Protein chains: 2
Amino acid sequence: MRTKNENKAAAIRENAMKMIVAEGFDGFSMQKLAKSANVSPATLYIYYKNKEDLLNQLFNEVQQTFADVALEGFNPQLSFEEGLWIQWKNRLKFVLEYPVHFSFYEQFRNSPLINSSGIHLSSFKENMKQFVINAIQKGELKMMAPEIFWSVAYGSFYSLVKFHLQEKTMMGNDFKLNEVTLKTTFDIIVKALKP
Amino acid sequence: MRTKNENKAAAIRENAMKMIVAEGFDGFSMQKLAKSANVSPATLYIYYKNKEDLLNQLFNEVQQTFADVALEGFNPQLSFEEGLWIQWKNRLKFVLEYPVHFSFYEQFRNSPLINSSGIHLSSFKENMKQFVINAIQKGELKMMAPEIFWSVAYGSFYSLVKFHLQEKTMMGNDFKLNEVTLKTTFDIIVKALKP
DNA sequence: TTTGTAAAAGAACGAACGTTCATTTATATT
DNA sequence: AATATAAATGAACGTTCGTTCTTTTACAAA
């Protein structure tokens, strides 16, 4: 018996994401991926059922990792301000450490491919739901629809990250996203969410 | 001399956007577009230099329209709260009236194709820049980096819209985006931005 | 009504696509 | 050391891609 070469598997994953981030979904092809990963096209079909399966598995893995990182050191009993800040910090860490993974993730989320995806991330969502309920009960947080909470609590974060990831800054060249500028923005948002 | 048929031109534009919103950039092709618009593939090349040109022109048109709609009734001398609210309302109107255009726009903005695009929208940006400067001078607004302002002032809006546009609501089914729920969210954000 | 000209069409080009095939290669087990 | 088995390959399949060719069609100007 011959065993799968994990180096090959990793090369396939990394090159696929790099290619999609650089050239988009229509610049991506199985044959180009095979060439860039130094692998036969047929080999891709040992690891994945087909192209759609490859993209979905890739997305699900990245999404799961991102969710895991976001919840490091977190638990739903934390105070609202502390819990949310931990998540912002964790997410920024992921973005800075794995910019290609994150860009791939965002591109996938904003494409129609997202509808053919499988995972629901229900554990993560339950965790967050409980966190918000607790915070409202403790009186740390305004009462509001979950969609409004999610939008206000994370909308600014993702917008900031998008500014950071596009090399051409539209306004000035002096803005740098780090834990300090992140905290500045976080404080603004938290103030708004308090009762 | 024969003149261009504007019905055909419109059919090409609309079908292109619909196809991309439904199937993504890799589900889109010139031959499929020609068929769906009841047009010969060759005809597409009378209107557009090539596929890339078609997509870029489409994006630039939508972006320009979106910017124009956003600024209806707006001027940079307005009070910060009133000016921003007008823009939120205008943008919501655009999203509800042209959901396909907006989805196409968002998908394009989150793809690498955006880097090959031409338009800079500098008039719109200048307008907004002046608006923020005025508001800070009048003391209606905290001082902050432009990137932070943009993220806070619009991040929640776009997140809300994204919730609205995905048919499968993740949390409950009872949330509806309209001028009332929009205003609720807006008030939260404005409170955060005040000094 | 004729004429000039650009719009529009349909068929076709080579290239690239996703996928599969028969075959070879490497390695865990015997 | 021999064997079994799955990994890995390169060539090839039919299909679809973006684009261009030649020809036909419609309409403004004459």
Side-chain angles (χ1 to χ4, degrees), chain A residues 1-60 104 107-108 111-113 115-118, chain B residues 1-60 104 107-108 111-113 115-118:
Chain A
M1 236 260 297
R2 190 175 171 183
T3 51
K4 277 186 192 172
N5 181 342
E6 176 55 29
N7 290 340
K8 270 189 207 310
I12 291 170
R13 285 194 299 266
E14 292 306 316
N15 281 280
M17 285 193 275
K18 272 186 200 161
M19 192 178 297
I20 285 165
V21 167
E23 306 177 45
F25 285 115
D26 73 324
F28 171 83
S29 83
M30 297 299 263
Q31 314 205 73
K32 278 165 69 180
L33 172 58
K35 187 159 285 183
S36 82
N38 282 317
V39 142
S40 163
T43 303
L44 300 176
Y45 291 85
I46 297 171
Y47 290 81
Y48 303 98
K49 211 177 68 192
N50 52 38
K51 179 177 148 179
E52 185 189 355
D53 178 50
L54 185 154
L55 294 174
N56 277 331
Q57 281 200 40
L58 232 46
F59 175 73
N60 286 337
F104 166 76
Q107 202 176 319
F108 201 102
S111 83
L113 298 177
N115 295 323
S116 55
S117 185
Chain B
M1 238 259 295
R2 193 175 170 181
T3 50
K4 277 187 192 174
N5 182 340
E6 177 54 30
N7 290 340
K8 269 190 208 310
I12 290 170
R13 286 193 298 266
E14 292 306 316
N15 280 282
M17 285 193 273
K18 272 185 198 160
M19 191 177 298
I20 285 164
V21 167
E23 306 175 45
F25 285 115
D26 72 325
F28 171 82
S29 82
M30 297 299 264
Q31 314 207 70
K32 278 165 68 178
L33 172 58
K35 187 160 284 183
S36 81
N38 281 317
V39 142
S40 162
T43 302
L44 300 176
Y45 290 85
I46 297 171
Y47 290 82
Y48 303 97
K49 211 177 67 192
N50 51 39
K51 180 177 149 180
E52 185 189 355
D53 178 50
L54 187 155
L55 294 174
N56 277 331
Q57 281 200 40
L58 232 47
F59 174 73
N60 286 338
F104 165 76
Q107 202 177 318
F108 201 103
S111 82
L113 298 178
N115 294 324
S116 56
S117 183

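Here is how names work: the chains are called A, B, and so on, in the same order as the sequence lines, proteins then strands, and each is numbered from 1. Nothing here was measured: the structure is a model prediction, and the numbers come from that model.
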Determine, stepwise, if the pair Lys8(A) / Ile46(A) fulfils side chain to side chain contact (heavy atoms under 4.5 Å, CB included).
CA-CA 11 Å; Lys8(A) 270 189 207 310; Ile46(A) 297 171; over 6 Å; no
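Asn5(B) places its CG atom 17 Å from the P atom of dT25(D), with the value rounded to the nearest Å. Counting to the nearest Å, the P atom of dG10(D) and the CG atom of Asn38(A) are 10 Å from each other. A straight line from CG of Leu33(A) to C1' of dA16(C) spans 15 Å, rounded to a whole angstrom. dT19(C) atom C1' lies 18 Å from atom NZ of Lys32(A), rounded to whole Å. Rounded to whole Å, the distance from NZ on Lys4(B) to P on dA7(C) is 5 Å. The interatomic distance linking Asn7(A) (CG) with dA8(D) (P) rounds to 10 Å, in whole Å. In this structure, the NZ atom of Lys35(B) is 15 Å from the C1' atom of dG18(D), given to the nearest Å. One can place CG of Leu54(A) at 15 Å from P of dC17(C), the figure rounded to the nearest angstrom.
Residues Thr3(B) and Ser40(B) both approach DNA chain C. Their nearest nucleotides, taken by heavy-atom distance, put Thr3(B) toward the 5′ side.
On a pure distance criterion of 3.5 Å, a polar donor-acceptor pair joins the side chain of Arg2(A) and the base of dT25(C).
Classification of the Phe108(B)-Phe59(B) ring pair by plane angle, with boundaries at 30° and 60°, yields parallel.
Separating the CG atom in Asn15(B) from the CE atom in Met17(B) is a distance of 10.0 Å, to the nearest 0.5 Å. Note that CE of Met30(A) is 10.5 Å distant from OG1 of Thr43(A), once rounded to the nearest 0.5 Å. Here Leu55(B) contributes atom CG and Asp26(A) contributes atom CG; the two are 7.5 Å apart, rounded to the nearest 0.5 Å. To the nearest 0.5 Å, the span separating CZ on Arg13(B) from CZ on Phe104(B) amounts to 12.0 Å. Put simply, CD on Glu23(A) and CD1 on Ile20(A) are 10.0 Å apart, with the number rounded to the nearest 0.5 Å. Interatomic distance, Lys32(B) NZ to Ser36(B) OG, rounded to the nearest 0.5 Å: 9.0 Å.
Contacts with DNA chain C (heavy atom under 4.0 Å) in residues 19-30 of chain B: none are found. Looking at residues 41-53 of chain B, you'll see Ala42(B), Thr43(B), Ile46(B), Tyr47(B) sit with a heavy atom under 4.0 Å from some atom of DNA chain C.
Phosphate contact (OP1/OP2 of dT9(D), side-chain N/O of Lys8(A), threshold under 4.0 Å): present.
No side-chain donor-acceptor contact under 3.5 Å links Lys4(A) to the backbone of Tyr47(A).
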